[in-house]
Amino acid sequence: DVAADPGENREIANANLSREARATLREYPIPSPAAAATTTALDEEGRKKLASLGYVASTVKPVVRADAPRPAEMAHLFPVLDRASSLFVGEEYAQAIPLLERILTEDPYNLDSALRLATAHSSLGHDKEALAAFRRAEAISPGSSDVRTYLALHLARGNEWERAAPMLDEVLAEAPNKVPALEALALVRERERRLPEAIALRQRLYALRAPSAAELLAMGALAMETGQTALAIDSFERVRAAEGSAFRNDLELGVLYLAAGRLTESRDALDRVLPSHPGYPMALFKRAQVSVLLREQDAPARIAAARENANEVTRELIARERLFR
């Protein structure tokens with residue numbers, strides 16, 4: 001009882017235990033430096049559930065050190081660990097850093113705190129401090145997939161993002177469902193303009209966790225750029241279903257419906273584009289095309305409106321559009 005007896009001065013080994021309890025204690029496997037315990041392997045469904053919650057399941061075998069501190073002697077750090085964890089999870093990195101440094105001063109081999117310290121500095125844009133903390137974490141556990149993952153995430157956010165790609169490939173080869181690695185590699189592939197790969201990575205990612213509206217819009221834009229009309233429509237439709245009247249991407253949806261030959265849906269989407277929208281001239285141009293294709297009576301008026309409100313881009317498109325002749 002390290003709370004009531006922190007010095008462990010009161011011997012309780014001779015307590016009145018049952019025969020079964022004594023047998024259990026004798027047979028209980030005690031970890032040692034020679035035989036470290038291994039983690040129980042998760043099944044595929046278990047990994048997906050963890051990944052969907054944002055957790056990273058480490059695949060590194062735990063390290064048991066002969067010179068590790070006795071748990072009872074570290075009990076005074078429990079409140080500091082709790083507070084540092086709360087601040088870190090709450091993304092209050094500047095406040096968490098001094099606590100993490102204190103923990104590492106007293107427990108230099110605390111991998112979790114070393115990795116969180118590196119991530120905190122990275123999130124605050126402290127490149128030099130982050131790299132030093134990552135080196136420290138790597139020295140504690142050279143084979144840690146988590147260290148490599150978060151170092152790669154740090155690199156992916158900065159000017160050395162090209163260095164992150166092979167590291168992230170390696171991480172995902174070992175753990176295909178590692179959510180942070182999928183997110184980072186998708187962004188790297190976009191910066192490399194390897195857009196089909198970026199889309200495939202995003203699809204793997206969203207099978208593990210639900211995408212945000214912003215992520216769906218980004219997916220829709222990528223799909224439009226690569227000519228994947230069905231995927232783009234699905235992405236924008238999901239955002240519209242979630243946002244309702246707050247949806248602001250009817251122009252994109254109208255253009256996509258037109259490309260897919262879904263003329264009435266294209267008409268309705270383009271009619272929802274407000275005159276204040278920066279793409280309103282394009283909406284008028286596309287709406288005029290739809291009007292001609294649907295043989296609407298007001299098609300000539302819509303062509304005239306498109307011409308009257310044309311900008312530099314749509315003026316040339318209108319001049320070349322055979323439907324308007």
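A quick note: this is a predicted structure, and the numbers were derived from the prediction, not measured.
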Starting at OH of Y280, measure out to NE2 of H277 and round the result to the nearest 0.5 Å. 11.5 Å
D107 side chain to I103 main-chain N or O, any donor-acceptor pair under 3.5 Å? no
Applying a strict under-4.5 Å side-chain criterion to I, L, V, M, F, W and Y, I'd like to know whether L205 and L168 cluster together. yes
Flag yes if Y150 and L187 sit in one hydrophobic cluster, no otherwise; membership is Ile, Leu, Val, Met, Phe, Trp, Tyr, and two members link when side-chain heavy atoms are under 4.5 Å apart. no
Between L104 and R136, is there a side-chain heavy-atom distance shorter than 4.5 Å? yes
Is S141 reaching over with its side chain to a backbone N or O of E138, donor-acceptor style, under 3.5 angstrom? no
Any chance you could lay out the side chain to side chain contact (heavy atoms under 4.5 Å, CB included) test for E170 and M167, step after step, and finish with the verdict? CA-CA 5 Å; E170 184 179 337; M167 298 172 65; 5.7 Å; no
Give the ring-plane orientation class for H121 versus H126, where under 30° counts as parallel, over 60° as perpendicular and anything between as tilted. tilted
If you measure from CG on L182 to CG on L172, what distance do you get to the nearest 0.5 Å? 5.0 Å
Can you name the nearest heavy-atom pair linking L293 to L258, along with the distance? CD1-CD1, 3.9 Å
Evaluation steps, side chain to side chain contact (heavy atoms under 4.5 Å, CB included), between V80 and E106: CA-CA 11 Å; V80 185; E106 299 195 43; over 6 Å; no
Note, L270 side chain near L251 side chain (heavy atom, < 4.5 Å): yes
Tell me, do R148 and L151 make a side-chain contact under 4.5 Å, heavy atoms counted? no
State plainly whether one hydrophobic cluster holds both I233 and L222, where clusters connect Ile, Leu, Val, Met, Phe, Trp and Tyr through side-chain heavy atoms under 4.5 angstrom apart. no
Would you please classify the geometry between the Y93 ring and the F88 ring as parallel, tilted or perpendicular, with 30° and 60° separating the classes? perpendicular
Can you name the nearest heavy-atom pair linking A269 to L253, along with the distance? CB-C, 4.4 Å
Do any N or O atoms from the side chain of R194 and from the backbone of R191 form a donor-acceptor pair under 3.5 angstrom? no
With heavy-atom distances below 4.5 Å as the criterion, would you say the side chains of F236 and L217 are in contact? yes
Are L216 and L231 connected in the hydrophobic side-chain network, where two residues link if heavy atoms are under 4.5 Å apart? no
Give a yes or no on whether the backbone of L81 and the side-chain of S85 come within a donor-acceptor separation of less than 3.5 Å. no
Give, for atom CG of N249 and atom CD of E237, the distance between the pair rounded to the nearest 0.5 Å. 12.5 Å
Please enumerate all residues that pass salt bridge (Lys or Arg N to Asp or Glu O under 4.0 Å) together with D271, with sequence neighbours excluded. R287
Checking side chain to side chain contact (heavy atoms under 4.5 Å, CB included) for the pair S266/Q289: CA distance, chi angles, key distance, verdict? CA-CA 10 Å; S266 177; Q289 287 180 314; over 6 Å; no
Are I199 and M219 close enough, and set up right, to give a side chain to side chain contact (heavy atoms under 4.5 Å, CB included), and what steps lead you there? CA-CA 7 Å; I199 290 172; M219 173 77 96; 3.9 Å; yes
Distance (rounded to the nearest 0.5 Å) between W161 CH2 and L153 CG: 15.5 Å
Return yes when atom CZ of R325 has more than 12 non-hydrogen atoms of other residues, nucleotides or ligands closer than 6.0 Å, and no otherwise. yes
D268/R272 salt bridge by N-O under 4.0 Å criterion: no
Are any non-hydrogen side-chain atoms of I303 and V292 less than 4.5 angstrom apart? yes
Presence of salt bridge, K178 and D146, under 4.0 angstrom: yes
Main-chain N/O of A118 paired to S122 side chain as donor or acceptor, under 3.5 Å: no
With a 4.0 Å cut-off, would you call E265 and R240 a salt bridge? no
Could you tell me if the side chain of E316 sits less than 4.5 Å from the side chain of V313, heavy atoms only? no
Hey, are the side chains of D5 and N9 touching, using non-hydrogen atoms and a 4.5 Å cut-off? yes
Shortest non-hydrogen separation from V147 to L115 and the atoms involved: CA-CD1, 4.0 Å
Shortest non-hydrogen separation from I140 to Y109 and the atoms involved: CG2-O, 3.6 Å
Which heavy atom of R204 sits nearest a heavy atom of P176, and at what distance? NH2-O, 3.0 Å
Polar side chain donor-acceptor pair, T314 to N311, under 3.5 angstrom: yes
Any ion pair linking R189 and E192 (charged N to carboxylate O, less than 4.0 Å)? yes
Per salt bridge (Lys or Arg N to Asp or Glu O under 4.0 Å), E215 is matched among R209, R202, R238 by R209
To the nearest 0.5 Å, how far apart are CG in L317 and CD in E321? 8.5 Å
Looking only at non-hydrogen atoms, find the nearest pair between P281 and P278 and report the distance. CD-O, 3.8 Å
R102 CZ: over 12 foreign heavy atoms closer than 6.0 Å: no
Is there a side-chain contact between D127 and H154, using heavy atoms and a 4.5 Å cut-off? yes
To the nearest 0.5 Å, what is the distance between CD (E183) and OH (Y206)? 8.0 Å
If hydrophobic clusters are built by linking Ile, Leu, Val, Met, Phe, Trp and Tyr wherever their side-chain heavy atoms come under 4.5 Å apart, do F134 and V171 end up in the same one? no
Does R83 have more than 12 heavy atoms from other residues, nucleotides or ligands lying within 6.0 Å of its CZ? no
